[in-house]
2 protein chains.
Amino acid sequence: MDTSAPLKDDLPCIACQQRLCRFVDGQKPDITPLRIELQRGDRLECMTGNCLKFWSVVRGTTAVCTVLKDGRRQIVALAGPRDAICGMLADGHSPHWLEALEPCEVCEIDFTPRAAILAKDARFMRALMDIMHDQLVRTSQHLITLGRLDSTERVILFIGQLALCSAAEDGTPRPVTLPMSREDIADYLGLNAETVSRILTKLRKSGLVKFLNRSEFVVPDLDALRRRLPMQLMNDQASVIGQFADGRTGERRAQA
Amino acid sequence: MDTSAPLKDDLPCIACQQRLCRFVDGQKPDITPLRIELQRGDRLECMTGNCLKFWSVVRGTTAVCTVLKDGRRQIVALAGPRDAICGMLADGHSPHWLEALEPCEVCEIDFTPRAAILAKDARFMRALMDIMHDQLVRTSQHLITLGRLDSTERVILFIGQLALCSAAEDGTPRPVTLPMSREDIADYLGLNAETVSRILTKLRKSGLVKFLNRSEFVVPDLDALRRRLPMQLMNDQASVIGQFADGRTGERRAQA
DNA sequence: CGAAGCTTTGATGATGCTCAATCGGTGTGG
DNA sequence: CCACACCGATTGAGCATCATCAAAGCTTCG
C-alpha cells in the first residue's frame, strides 16, 4: 500500500517492519542503512543532541541505558528484534545510550541528511509518531512497575512478559531464554542482582518457574503467574493508532 | 461536575501554544475545542481505546493517573499549564485517566472526525510527534527517578524542579506553591504520604527548604539542592526536534 | 587446571511502609 | 461566636523489604 523504497538487495529489512527503511530512497545515497554487529556491552551513543538516528534491532537484546553520576545504572527500556529505537531521547539530565545485552545485530539509519524533506512527509512523521507512541506506552507501563510493584511482583511481571512472548499460539508453554544477566535484570527492574537472584530462587522453589539451566526456563502455568500480579499481563498492545482511518487499523507489533 | 463550553473565537489559545489548536478549522464545525472546568479529583477518562482526543492544560495542575487492581495508585506524569496530553495512552494493562489535582481549566480537542485528513498532514503528524516525544523524554526521566533514586533524592528532585520553574530569570529564589497534596506527591514519586511528610520535615529542619505554610515554600539555595542530586537538575529540555531544519529550531516549552 | 565472571546464599543493617495517635486548619450548624 | 466534625499533615513505634557486604559455588574459556 505504501510506496516503499526497497533497501539494497543484500539488506532485507525484516527488522523495522518497513517502519523506517521504506523512507530510504534507493536512488539517492545520502542515507545508507548500516548493519552493525554488537558484542555484549557494546554501546551506540548519540542519543543526545540533535540527531535523527534510528536503530532497529535485528537480532539480540539491547537496552536503552543510563547512569547517574555515582554510577547507579538504570535500564530505561529493552529492545529486541523488530523494535525500533529513536536516538532523539535527548534529555540533558543524564547520558543515554543503546547497549547490547548479548551479541546483537542492529540496523542504523540516520535521516539527518534528508531532514528538511522528511519533515514535510506525513507518512514519515507518522512513522516517527508511531515509534514514539509505542515507546511511550511501554515506558509508562514500566514506570508503574517501578513506582508501585514490590520486588517479587516486578520479577514475576518480567518473567511473565517473556513467557508470553515465547508462548505458542495456543498458549502452550515453551522454553524461554533469559537474554540478559541478573544484574541487567536488576538494573531494568530497579533492584539489585542479589535480590533478583533470591526471587528467582523463590519462584523456582514455589514451582511457578522451572529452570532448565541458568538462562532458560519454562512457566508451566501462566495463569498462576497472572494471579500474582495486580495488573493485566499482556503480550503487546495494539501498537498504534487505529485512529487514522486509512486502512491500517489495528496493526500489531509481533507477528508469530 | 464539569462545565464544558465550546471554545469561542474570543478565547485565544494560549494553552497549547498553537501546537494543537492551529489544526482546528474555524470554518468547519466538525471539531470544536471544549473548555472544561475541573474540581480537585475530577477525571477525564477516555485514555483507553481508539480516540484522538487531546487535552491541553490552561490552568491548574493535572495528573495522568492509574490504579492497580488492589488500589495502589501511580501518577505517571504531571501536566500543568501549556502541557498537552494525548488521550492515546491506551495500554490494556491498567486504566489511565487525567485527574485534576487542584481546580483546573482544560481545553479538549477531539480530532477523530478529521482523522483521515489529518493523517496526511505532515505538520499535524509532526505536532503529535512533538507531544509524544516531549512526553517520552519526561517519562523516561521520571522512570529513572523511580528506579534509582532513594526517597530523599526523589523529593529533592521534585522540589528542585518546582523551584526551578518558578525561579526568576536571574535565578533569584521565589516562593513556590505546591500544587498537590502529600499523597499526590507520594503517588507521583512512588512513596507514601507519611514518608513524603517526614522528608519534607527533614529538609525544612536542614534549611534546604523554607516553608511559608503547608503548601508554599522557598528554596534559598538551589545549588545546595543540586549538590544533593546524582543528576543534572534542569528546568525544561529543548522541547523537540531541532532536527527538522524548516526554520523552527530549538523551540522551548515554557517562556517566562 | 586455573582464572575470571556470574550466580547463589547468608548475615546484617538501613530504608521506607503500616498502623495509630495527634495536630492543625476549614467549614458547618447551633 | 463557639463547638464540632472532617480532612489532611505530622509524628512515633514497630516491622517488612530490600540493599550491602562477604563468601562460596558454577560455568566458561583459555
Side-chain angles (χ1 to χ4, degrees), chain A residues 39-41 61 68 70-74 100-103 145-159 177-206 209 211-217 228 230, chain B residues 39-41 61 68 70-74 99-103 145-159 177-206 209-217 228 230:
Chain A
Q39 293 309 306
R40 182 179 172 199
T61 306
L68 304 182
D70 56 4
R72 278 174 278 183
R73 173 174 178 253
Q74 176 68 46
L101 302 181
E102 54 180 347
T145 300
L146 298 187
R148 285 301 179 217
L149 298 196
D150 68 25
S151 60
T152 304
E153 292 168 325
R154 293 183 205 186
V155 174
I156 287 179
L157 178 62
F158 178 68
I159 291 289
T177 302
L178 267 178
M180 52 212 277
S181 73
R182 301 293 187 262
E183 187 171 355
D184 291 333
I185 297 172
D187 286 343
Y188 180 58
L189 298 178
L191 302 170
N192 74 12
E194 293 94 329
T195 300
V196 170
S197 178
R198 266 183 262 269
I199 291 170
L200 288 177
T201 302
K202 193 173 66 177
L203 295 180
R204 177 172 54 75
K205 288 181 179 169
S206 75
V209 182
F211 278 87
L212 310 175
N213 57 56
R214 244 169 219 186
S215 62
E216 275 191 306
F217 65 90
R228 299 281 297 266
Chain B
Q39 293 309 306
R40 183 180 170 199
T61 306
L68 304 182
D70 56 5
R72 277 174 278 183
R73 174 173 175 252
Q74 176 67 47
E99 180 172 325
L101 302 181
E102 54 180 347
T145 301
L146 298 188
R148 285 300 179 217
L149 298 195
D150 68 25
S151 60
T152 304
E153 291 168 326
R154 294 183 203 186
V155 174
I156 288 178
L157 179 61
F158 177 69
I159 290 289
T177 302
L178 268 177
M180 53 211 278
S181 72
R182 300 294 186 262
E183 187 171 354
D184 292 332
I185 297 171
D187 287 342
Y188 180 59
L189 297 178
L191 303 170
N192 75 12
E194 293 94 330
T195 300
V196 170
S197 179
R198 266 184 263 268
I199 292 170
L200 288 177
T201 302
K202 193 174 67 179
L203 295 179
R204 176 171 55 76
K205 287 181 178 168
S206 75
V209 182
K210 302 213 177 302
F211 278 86
L212 310 176
N213 56 56
R214 240 164 223 187
S215 63
E216 275 192 307
F217 66 90
R228 299 280 297 268

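Quick note on labels: first sequence line is chain A, next is B, and so on, each numbered from 1.
- In terms of heavy-atom proximity, B/R72 sits nearest to A/D150 at NH1-N, 4.2 Å.
- As rounded to whole Å, 14 Å separates atom C1' of D/dC7 from atom CG of B/D184.
- With rounding to whole Å, B/E102 atom CD is found 15 Å from D/dG8 atom P.
- If you check every strand for non-hydrogen atoms under 4.0 Å, B/L200 touches nothing.
- Residues A/L146 and A/Q74 meet the side-chain proximity criterion, which asks for heavy atoms closer than 4.5 Å.
- The nucleotide range of DNA chain C contacted by chain A, defined by atoms under 4.0 angstrom from heavy atoms of the protein and reported 5' to 3', is C/dC6 to C/dA11.
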Pull out every protein N or O sitting under 3.5 Å from an N or O of nucleotides 11-13 of chain D, one pair per line with the distance.
| residue | atom | partner | partner atom | Å |
| --- | --- | --- | --- | --- |
| D/dT11 | OP2 | B/T201 | OG1 | 2.7 |
| D/dG12 | N7 | B/R198 | NH1 | 2.8 |
| D/dG12 | O6 | B/R198 | NH2 | 3.3 |

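- To the nearest angstrom, P of D/dA19 lies 14 Å from CD1 of A/I185.
- Contacts of A/R40 with the nucleic acid, taken as non-hydrogen atoms under 4.0 Å apart, involve only primed sugar atoms and P, OP1 or OP2.
- The shortest distance between the side-chain N/O atoms of B/R182 and the OP1/OP2 oxygens of D/dT10 is below 4.0 Å.
- The interatomic distance linking A/L189 (CG) with D/dC18 (C1') rounds to 14 Å, in whole Å.
- Taking the side chain as every heavy atom from C-beta outward, A/L203 and A/F217 never approach each other to under 4.5 Å.
- An end-to-end axis angle of 30° holds for the helix from C/dC1-D/dG30 to C/dG30-D/dC1, taken from five base pairs per end and rounded to 10°.
- At the phosphate of D/dC18, neither OP1 nor OP2 sits under 4.0 Å from any side-chain N or O atom of A/N192.
- Nearer to the 5' terminus of DNA chain D, by closest-nucleotide assignment, is the contact made by A/D150 (compared with the other of A/D150 and A/R214).
- Whole-Å rounding puts the B/N213 CG to D/dA9 P distance at 12 Å.
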